[in-house]
Amino acid sequence: MTDTSADLVILGGGSGGYACAFRAAELGLSVVLIEKDKLGGTCLHRGCIPTKALLHAAEVADSTRDADQFGVRAALEGIDIDGVNKYKDNIISGLYKGLQGLAKAHKVTMVEGAGTLVDANTVEVNGTRYTGKNVVLATGSYSKSLPGLELGGRIIASEQALNLDFIPNKVVVLGGGVIGVEFASVWASFGAEVTVVEALPHLVPNEDEFASKRLERAFRKRGIKFKTGVKFTGATQNDDGVSVSLENGETYDADLLLVAVGRGPNTAGHGFEQVGVNMERGFVRTDERLRTNVPGVFAVGDIVPGLQLAHRGFQQGIFIAEEIAGLNPQPIDEAGIPRVTYCHPEVASVGLTEAAAKEQYGSVETFTYDLAGNGKSQILKTQGAVKLVRATDGPVVGLHMVGDRVGELIGEAQLIYNWEALPEDVAPLVHAHPTQTEALGEAHLALAGKPLHVHG
């Protein structure tokens, strides 16, 4: 056994792990970053980046198909899936090279291999032990399935869906959350017949009900079928396809079944429990400063209960580096983390749903501004709305948006929430015309008691 020491040993090189490594290095700490696959983790190679590339290709297809709405003569000849995959893979490759260069520039020691936590200060990789004054657990997540539903063949998870070399004619998507509706949106744009099955009463069930209903309305217009409030009971497959059964007795035949029922914490087999790290249902329990119960051991990202978002892990990684360096950073407000679903139309939100706000504050006020009153949205021919939730006579505590490109509005929305702005604080701000940001401005004007482009 050889022994290698550093100020910080990080197990996992995804968004949380590498952000922690880079920030710690900037603060003068020596860092060992251990990754069994590729720097960048799921987000870069099998998650956020490739799915959004597919979604943009889908948007281009829709724009071409609907070009005559804008007085442009164009015809969609078809989807070159090999070309789409090449476009996607080139983006990943470029970002990966950039990330490798940043790791080198930050003088982070990269170690390739699967690591095991041996004690509170030590991670073992391929027979070599790396000792840190502090250790960060950042092992990410994996695609879950349901009991008795085995992935393989025509039953796939998102990782396989990203690398298909064909476009299915018919597909069933099991799960109407973020991953499910994004892939449903892509395949529908590429010409497939799609049915989404969700056991809960609405699509994107973690969003405000307003957003769920708006998305469902848009999906109906697009011809995307969905069954909500009904449970999946089984699937059988053969060489020709897959047959999906629901508890109400209905069956659906398709080329593929995409299992999109969420992601589980990738913590098994890494020695966490053996060292005494407090676990719950496979997740690592931490306090608000992301410390585990084992002194000197922190956890970050998808293995920590909460939103499984790359940008959450990224910010948590920075937080841990600054915490270890003694900068005493402010704890992250989970509700203040922006959430975007990049289907067509997009869904974006930050803060509390109306139901959660009522539970927390008792009395709330809401206002919904329809994008029909927004010039840029009409130019884009998108439908949707912005909903604000405020504590009565208090700050805006929830912002919920549905419509094409509303994900780009989430930057201002998160500032409004995180700075505890009153509608009266936002109303005087000047929003450029014509932009979709005006929808945020108009909604706050209305909630401040001075509505303009709004019917009383």
Side-chain angles (χ1 to χ4, degrees), residues 204 206-215 307 309 311-312 315 330-342 345-380 382-456:
V204 288
N206 291 330
E207 296 290 343
D208 191 276
E209 193 172 307
F210 139 86
S212 296
K213 288 181 175 178
R214 287 275 180 158
L215 181 63
L307 297 167
L309 298 169
H311 47 281
R312 172 183 180 251
Q315 195 62 34
Q330 185 174 333
I332 298 165
D333 175 6
E334 289 274 319
I337 298 170
R339 309 171 291 270
V340 184
T341 304
Y342 296 87
E346 290 182 352
V347 179
S349 63
V350 64
L352 305 177
T353 64
E354 181 179 350
K358 282 179 178 174
E359 196 172 307
Q360 185 166 328
Y361 293 98
S363 176
V364 301
E365 300 171 59
T366 67
F367 182 78
T368 300
Y369 178 81
D370 199 292
L371 293 184
N374 177 256
K376 186 58 181 283
S377 295
Q378 293 309 297
I379 290 167
L380 296 172
T382 185
Q383 296 179 326
V386 172
K387 177 181 175 178
L388 305 182
V389 182
R390 77 178 295 194
T392 300
D393 298 325
V396 175
V397 297
L399 300 96
H400 309 276
M401 301 176 283
V402 179
D404 290 343
R405 305 191 187 182
V406 295
E408 300 300 329
L409 307 185
I410 204 67
E412 182 180 0
Q414 71 159 323
L415 293 179
I416 291 166
Y417 171 82
N418 284 293
W419 288 348
E420 299 179 346
L422 297 169
E424 295 79 7
D425 296 328
V426 181
L429 300 178
V430 180
H431 293 83
H433 177 73
T435 63
Q436 287 183 296
T437 63
E438 288 178 286
L440 276 176
E442 292 275 359
H444 284 84
L445 276 168
L447 207 49
K450 42 186 176 181
L452 290 184
H453 293 96
V454 178
H455 294 290

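- Nearest heavy-atom pair across Tyr417 and Gly398 is CD1-N, 4.5 Å.
- A 4.5 Å side-chain heavy-atom check between Val204 and Arg214 finds every atom pair outside the cut-off.
- Partners of Lys376 under the salt bridge (Lys or Arg N to Asp or Glu O under 4.0 Å) rule, at least two apart in sequence or in another chain, do not exist in this structure.
- Considering every non-hydrogen atom in both Ala335 and Val350, the closest pair reads O-CG2, 3.8 Å.
- Using modelled atom types, no side-chain atom of Gln414 and backbone atom of Pro338 make a donor-acceptor pair closer than 3.5 Å.
- Residues that satisfy the salt bridge (Lys or Arg N to Asp or Glu O under 4.0 Å) test with Arg339, not counting sequence neighbours, are absent from this structure.
- Between Val402 and Glu207 the shortest side-chain heavy-atom distance does not fall below 4.5 Å.
- Shown here are the side-chain contact (heavy atoms from CB on, under 4.5 Å) partners of Ala355, two or more places apart in sequence or in another chain: Thr353.
- Classification of Glu209 and Lys387 as a salt-bridged pair fails, no side-chain N sitting under 4.0 Å from a carboxylate O.
- Applying the side chain to side chain donor-acceptor pair (under 3.5 Å) test to every pair with at least one member in residues 360-369, sequence neighbours left out, gives these pairs: Ser363-Thr392.
- Of the residues listed (Asp425, Leu422, Ile416), the one engaging Val396 in a side chain to side chain contact (heavy atoms under 4.5 Å, CB included) is Ile416, and it is the only one.
- Crowding of Gln378 atom CD: a count of heavy atoms from other residues, nucleotides or ligands under 6.0 Å exceeding 12.
- For Glu334, the side-chain contact (heavy atoms from CB on, under 4.5 Å) partners at least two apart in sequence or on another chain are Leu307, Arg312, Gln316, Ile337.
- Considering only heavy atoms from C-beta on, Gln436 comes within 4.5 Å of Arg405 through its side chain.
- Scored by the salt bridge (Lys or Arg N to Asp or Glu O under 4.0 Å) test, Glu412 finds no partners at all (sequence neighbours excluded).
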Inset, instruction - Tell me, with the steps shown, if Val426 and Leu440 meet side chain to side chain contact (heavy atoms under 4.5 Å, CB included). - result: CA-CA 9 Å; Val426 181; Leu440 276 176; over 6 Å; no
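- Heavy atoms only, all atoms of each residue included: His453 and Gly373 are closest at CB-O, 4.4 Å.
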